[in-house]
Amino acid sequence: VFGLSSVAQVVLGRGDLGQHLSINLGFGIGVTLGIHAAGGISGAHLNAAITLTHCILGNLPWRKFPAYLIGQFLGSFTAAATVFGLYYDALYNYTKGNFTVTGPTATASIFSTYPAPYVSLLGAFFTEFMAMAMLLLGILIIHDEKNNAALKGTQALLTGILVLGIGLGMGMNTGYAINPSRDLPPRVFTAIAGWGMDVFTAGHYWWWVPLTAPILGSLAGVFIHKLFIDFRNQPVPESGNEKGQPVVETS
């Protein structure tokens, strides 16, 4: 709701009521609050790609995957419907009742991501892949108790700032979906609510990229963390002194 409504205000306000920064802040605040709301209940699985990655790694039972996925998709779909109702009058005034995916009064991008006209499909895929790899790498670093982990209670805020940073640095090409369950349900909603099947054909059938690239990027983020940080930062044996010091056994 925070993220989509911030996009709606920027688009429908024709740039007078917000800019690119306000969209990034909206999504960062939304992620922070989402983690605070669900962190103690379910681990705050807000991203289907991250949930799938945890199942692959064995950190989450596969039997829980359908429930998490349904919760994510219902939440995202409901958010799109809520923002649509909140800004329906503004949408109608802006488009004169003609909801389009492209063109001078396009509004589908309020709800889901679409690549910029100058970006190739391969370039857009790589953007989403890299953004997601950085997101998961950042999350793992924030929660890495064996390393320089974040102070207890600050993880949600730092994750929101991480999302903000990704939007500020990698949001131009694709709008940084970095989450299948953030992008597909609102796309389905717009197809139902008046934008039609163009939401799936626009951008050279872009819709499948936010589903696949974040999953591969998530796995890449885990690989990078394991290879360069986790494997090289193993717990010190109890008989040792400081990290990196030889263990001396005495009789």
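In this text, all values refer to a predicted model and were calculated from it rather than measured experimentally.
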(message) What's the separation between atom CZ in R232 and atom NZ in K146, rounded to the nearest 0.5 Å?
(response) 13.0 Å
(message) Between H20 and G167 (side chain of the first, backbone of the second, donor and acceptor by atom type, cut-off under 3.5 Å), is there such a pair?
(response) yes
(request) Could you identify which residues cluster with I70, counting Ile, Leu, Val, Met, Phe, Trp and Tyr as linked when any side-chain heavy atoms lie under 4.5 Å apart, either directly or through a chain of such contacts? (result) L74
(request) Compare all side-chain heavy atoms of N98 with those of T105 and state whether any distance is below 4.5 angstrom. (result) no
(request) Please name all residues satisfying side chain to side chain contact (heavy atoms under 4.5 Å, CB included) with L211, sequence neighbours left out, ordered by chain then number. (result) P180, L184, W207
(message) Classify the ring geometry of F189 against F111: parallel below 30°, tilted from 30° to 60°, perpendicular beyond 60°.
(response) tilted
(request) Give the minimum heavy-atom separation between I110 and L91, together with the two atoms involved. (result) CD1-CD2, 4.0 Å
N/O donor-acceptor pairs under 3.5 Å from side chains in residues 116-124, not counting sequence neighbours:
unit_1: Y118; atom_1: OH; unit_2: N173; atom_2: OD1; d: 3.4
unit_1: S120; atom_1: OG; unit_2: G123; atom_2: N; d: 3.0

(request) Flag the pair T113 / D183 as yes when at least one side-chain heavy-atom distance between them is below 4.5 Å, and no otherwise. (result) yes
(message) Would you say that M132 contacts N47 through its side chain, given a criterion of any heavy-atom pair below 4.5 Å between the two side chains?
(response) yes
(request) Please name all residues satisfying side chain to side chain contact (heavy atoms under 4.5 Å, CB included) with L137, sequence neighbours left out, ordered by chain then number. (result) I141, I224, H225
(message) Between R182 and L4, is there a side-chain heavy-atom distance shorter than 4.5 Å?
(response) yes
(message) With heavy-atom distances below 4.5 Å as the criterion, would you say the side chains of I178 and E128 are in contact?
(response) yes
(request) Give a yes or no answer on whether the side chain of T212 reaches the backbone of W208 with a donor-acceptor pair at less than 3.5 Å. (result) yes
(message) Can you give me the closest heavy-atom contact between H143 and Q155, atom names plus distance?
(response) NE2-CB, 3.6 Å
(message) Using every non-hydrogen atom in the two residues, find where D144 and A149 come nearest and quote the distance to one decimal.
(response) O-CB, 3.0 Å
(request) Sort and list the pairs that fulfil side chain to side chain donor-acceptor pair (under 3.5 Å) and have at least one residue in residues 190-199, not counting sequence neighbours. (result) T107-W195
(message) Looking at every non-hydrogen atom in both residues, tell me the closest pair between V199 and Y114 and how far apart they are.
(response) CB-OH, 3.3 Å
(request) Locate the shortest heavy-atom distance separating V1 from V83; write the atom from each residue and the value. (result) O-CG2, 4.0 Å
(request) List, by chain and then residue number, the residues other than L168 in its hydrophobic cluster (Ile/Leu/Val/Met/Phe/Trp/Tyr, side-chain heavy atoms under 4.5 Å); write none if there are no others. (result) L21, L25, L164
(message) Connecting only ILVMFWY residues whose side-chain heavy atoms lie within less than 4.5 Å of each other, what is the rest of I29's hydrophobic cluster?
(response) F2, L33
Distance-only donor-acceptor pairs under 3.5 Å for side chains of residues 55-69, two or more places apart:
unit_1: N59; atom_1: ND2; unit_2: H54; atom_2: ND1; d: 3.4
unit_1: W62; atom_1: NE1; unit_2: C55; atom_2: O; d: 3.4
unit_1: Y68; atom_1: OH; unit_2: S42; atom_2: O; d: 3.1

(message) Connecting only ILVMFWY residues whose side-chain heavy atoms lie within less than 4.5 Å of each other, what is the rest of I41's hydrophobic cluster?
(response) none
(request) Give every residue pair that meets the side chain to side chain donor-acceptor pair (under 3.5 Å) criterion with at least one member in residues 79-93, sequence neighbours excluded. (result) Q9-Y87
(request) Can you sort out the partners of F73 under ring pair (Phe, Tyr, Trp, His ring centres under 6.0 Å), two or more places apart, ordered by chain and number? (result) none
(request) Check whether any side-chain heavy atom of T95 lies under 4.5 Å from a side-chain heavy atom of T100, and answer yes or no. (result) no
(message) With a 6.0 Å cut-off (strictly less than), is the heavy-atom count around CE of M134, excluding the residue itself, greater than 12?
(response) no
(request) Look up atom OG1 in T53 and atom CG in L140, then write down how far apart they are to the nearest 0.5 Å. (result) 9.5 Å
(request) Just jot down the ring pair (Phe, Tyr, Trp, His ring centres under 6.0 Å) partners of F129, sequence neighbours excluded, or say none. (result) none
